[in-house]
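Working notes, beginning with the structure itself.
For ligands, and for the atoms within them, numbers begin at 1 and follow the listed sequence. Atom set for the values below is all heavy atoms of this structure, side chains included, hydrogens, waters and symmetry mates excluded. Owing to the predicted nature of the structure, the values given are computational and were not obtained by experimental measurement.
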Amino acid sequence: MNKVALITGSTSGIGLGIAKHFAKKGYHIMCHGLEANGPEIAEDIKKNYNVNVGFSNANLINANEVEQLVENTIKTLGRIDVLVNNAGIQYVAPIDEFPNSKYEAIIAINMNASFYASKAAWKYMKKQSFGRIINISSVHGLRASEYKTAYVTAKHGVIGMTKVLGLEGAPYNITCNAICPGYVRTPLVEKQIPDQAKSHNMSEEEVITNVMLKKQAVKSFVPIESLADMALLLAKETSSTITGSEFVLDGGWTAQ
Ligand code: NAD
């Protein structure tokens, strides 16, 4: 029986890479995201990998839409085995210029949505005595950088949530782990370059080399494929004792 994976934010960047990787391994996919071409992306995954694919553009800023996304997955694909809480946004500004609305949106999408989605999936995972929850946190779940109050707060929160769900899931063969990437070249990062250039008063090229990759020992962006490989490993039946942990793919950033 093919397992079903719901990957939030899978019409772009890291989520899309994970969705394709899982589809290649025979998972049915609930594809989700706000990109306008989302339905076509979902259709392409279905065609290219010959698996069942659903699509949703639920706005994860609203708790009830997060819950509906999980219910939709059950309705469309029959079950939920793997939940990858990946959708996220970023905003970069010094605290005294940080708009409250941006702070609240980041906390809602990057942190609270993981709670609502995990809670909604929990009853199905518990009933089938199998569940794999994978939270895409960040190196910023473990370390801070200036001008990222909301993001760093949310990503640290996700690590805490991961540990609690790891403990609570243990009796039911539900695992919960976090992946903490360094910099990955996706639309989210592309959007940060001009903002960071402004905040740091630097050119865009200087931001990439002197700010983004400065803290990584390996001076290149983290490949999406390595994150997708890690997610696949965590999703396996045999990974039942890997739980409540964070897996850091950061080019040596936190080794220092
Ligand atoms: P991305 O911008 O390419 O993709 C983000 C996805 O989230 C998109 O599909 C978007 O539609 C979806 N999304 C955003 N707001 C949403 C909302 N309100 N409702 C529903 N969906 C919404 O970004 P990415 O770089 O692929 O990031 C994916 C995850 O990885 C994020 O949680 C991000 O914080 C994390 N991350 C990224 C990097 C990096 O360097 N790119 C590093 C560490 C962690």
Side-chain angles (χ1 to χ4, degrees), residues 6-21 29-42 45 55-70 72 84-92 101-102 104-114 116-117 134-143 145 148 150-159 161-162 178-193 195-196 207-208 211-213 215-216 220-228 230-231 246-251 253-254:
L6 161 59
I7 301 136
T8 69
S10 49
T11 50
S12 178
I14 295 169
L16 178 56
I18 293 176
K20 288 180 180 167
H21 226 58
I29 303 294
M30 188 65 177
C31 193
H32 159 267
L34 299 184
E35 281 64 30
N37 61 341
E40 289 98 86
I41 290 174
I45 297 176
F55 172 72
S56 160
N57 62 358
N59 189 340
L60 303 191
I61 206 160
N62 303 318
N64 61 329
E65 290 198 40
V66 182
E67 286 155 11
Q68 272 315 307
L69 171 60
V70 172
N72 243 333
V84 184
N85 289 309
N86 164 76
I89 56 167
Q90 175 61 286
Y91 189 83
V92 180
S101 60
K102 293 283 184 198
E104 283 153 17
I106 289 179
I107 297 295
I109 297 161
N110 294 18
M111 186 177 79
N112 294 349
S114 301
Y116 295 120
I134 300 163
N135 293 325
I136 307 301
S137 178
S138 168
V139 70
H140 284 117
L142 304 163
R143 295 288 187 277
S145 293
K148 296 189 173 180
Y151 190 82
V152 170
T153 302
K155 293 299 186 181
H156 273 70
V158 165
I159 301 265
M161 195 188 305
T162 300
I179 296 178
C180 301
Y183 274 101
V184 189
R185 192 144 198 173
T186 67
L188 180 136
V189 163
E190 297 288 351
K191 277 179 249 160
Q192 281 180 60
I193 298 172
D195 292 349
Q196 292 241 28
V207 164
I208 294 175
V211 179
M212 290 186 163
L213 300 180
K215 293 175 181 171
Q216 293 189 194
S220 50
F221 286 102
V222 178
I224 292 179
E225 293 70 25
S226 66
L227 301 171
M230 178 56 74
E246 62 261 1
F247 294 85
V248 186
L249 288 81
D250 67 349
W253 181 328
T254 53

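- Atoms of ligand 1 lying under 4.0 Å from any heavy atom of N59, numbered from 1 in the order shown and given with element: 17 (C), 18 (N), 19 (N).
- Summary of contacts: the protein heavy atom closest to atom 44 (C) of ligand 1 is S137 O, 3.2 Å.
- Atom-to-atom distance recorded for I41:CD1 and S12:OG is 7.5 Å, nearest 0.5 angstrom.
- Only the side chain of Y151 comes within 4.0 Å of ligand 1, judged by heavy-atom distances.
- For I14, a nitrogen or oxygen atom sits less than 3.5 Å from a nitrogen or oxygen atom of ligand 1, counting backbone and side chain alike.
- The protein non-hydrogen atom at the shortest distance from atom 24 (P) of ligand 1 is T186 OG1, 3.4 Å.
- Here the protein heavy atom with the shortest distance to atom 13 (N) of ligand 1 is A87 CB, 4.0 Å.
- Taking only nitrogen or oxygen atoms, main chain and side chain alike, L34 reaches within less than 3.5 Å of ligand 1.
- In this comparison of I41, L188, V222, the heavy atom closest to atom 2 (O) of ligand 1 sits on L188.
- Under 4.0 Å from ligand 1, not a single heavy atom of A105 appears.
- In this structure, atom 5 (C) of ligand 1 lies nearest to the protein heavy atom G88 O, 3.7 Å.
- When all heavy atoms are compared, the tightest approach of T186 to G13 is CG2-CA, 3.9 Å.
- The contact set between ligand 1 and G182, taken as ligand atoms under 4.0 Å from a residue heavy atom, comprises 40 (O), 42 (C), 43 (C).
- Closest non-hydrogen pair, I134 versus A231, comes out as CD1-O, 3.4 Å.
- Below 3.5 Å of separation, one finds no N or O of K191 facing any N or O of ligand 1.
- Assignment of G38 to the shell around ligand 1 is not supported, since no heavy atom sits closer than 4.0 Å.
- The ligand atoms of ligand 1 that sit less than 4.0 angstrom from a heavy atom of A58 are 19 (N), 20 (C).
- Rounded to the nearest 0.5 angstrom, S226 OG and F247 CZ are separated by 14.0 Å.
- Within the model, atoms CD1 of I208 and CD1 of I193 stand 4.0 Å from one another, a figure rounded to the nearest 0.5 Å.
- Inter-residue side-chain proximity for V184 and L249 is flagged as unmet; no heavy-atom pair is nearer than 4.5 Å.
- Taking CD1 of I45 as the reference point, atom CZ of F55 lies at 10.5 Å (rounded to 0.5 Å).
- Taking a cut-off of under 4.0 Å to the non-hydrogen atoms of H32, the atoms of ligand 1 that pass are 20 (C), 21 (N).
- Distances between N or O atoms of L60 and those of ligand 1 include at least one value under 3.5 Å.
- Atom 40 (O) of ligand 1 has as its closest protein heavy atom V184 N, 2.7 Å.
- The backbone N or O of I89 sits less than 3.5 Å from a side-chain atom of N110, completing a donor-acceptor pair.
- Taking every heavy atom of V189 and a limit of under 4.0 angstrom, the matching atoms of ligand 1 come to 39 (C), 40 (O), 41 (N).
- For the pair I109 and G88, the tightest heavy-atom approach, listed with the atom from each and the gap, is CG2-CA, 4.1 Å.
- Neither the backbone nor the side chain of C180 has any atom closer than 4.0 Å to an atom of ligand 1 (non-hydrogen atoms only).
- Distance check, rounded to the nearest 0.5 Å: CD1 of I106 to OG of S101 gives 9.5 Å.
- Annotation for K102: atom NZ does not count as buried by contact number, only 12 or fewer foreign heavy atoms lying within 6.0 Å.
- Of the N and O atoms on the side chains of N72 and S56, not one donor lies less than 3.5 Å from an acceptor on the other residue.
- Only side-chain heavy atoms of I109 come within less than 4.0 Å of ligand 1; its backbone N, CA, C and O stay farther off.
- At least one N or O atom of K155 sits closer than 3.5 Å to an N or O atom of ligand 1.
- The two residues T254 and R143 make their nearest non-hydrogen contact at O-NH2, 3.1 Å.
- Here's the thing with N110: none of its N/O atoms is less than 3.5 angstrom from an N/O atom of ligand 1.
- Proximity to N86 (heavy-atom distance under 4.0 Å) selects the following atoms of ligand 1: 28 (C), 29 (C), 30 (O), 31 (C), 32 (O).
- You'll find the side chain of K148 stays beyond 4.5 Å of the side chain of K155, heavy atoms only.
- To the nearest 0.5 Å, atoms CG (N85) and OG (S137) are separated by 11.0 Å.
- For ligand 1, the polar-atom distance check against P181 finds no nitrogen or oxygen pair separated by under 3.5 Å.
- From the protein, the heavy atom lying nearest to atom 9 (O) of ligand 1 is E35 OE1, 2.8 Å.
- Ring geometry for Y183 against H140 counts as perpendicular: the plane angle is over 60°, on a 0 to 90° scale with 30° as the lower cut.
- Proximity to S12 (heavy-atom distance under 4.0 Å) selects the following atoms of ligand 1: 1 (P), 3 (O), 4 (O), 8 (C), 9 (O).
- Atoms of ligand 1 lying under 4.0 Å from at least one heavy atom of I89, given by number and element, are 14 (C), 15 (N).
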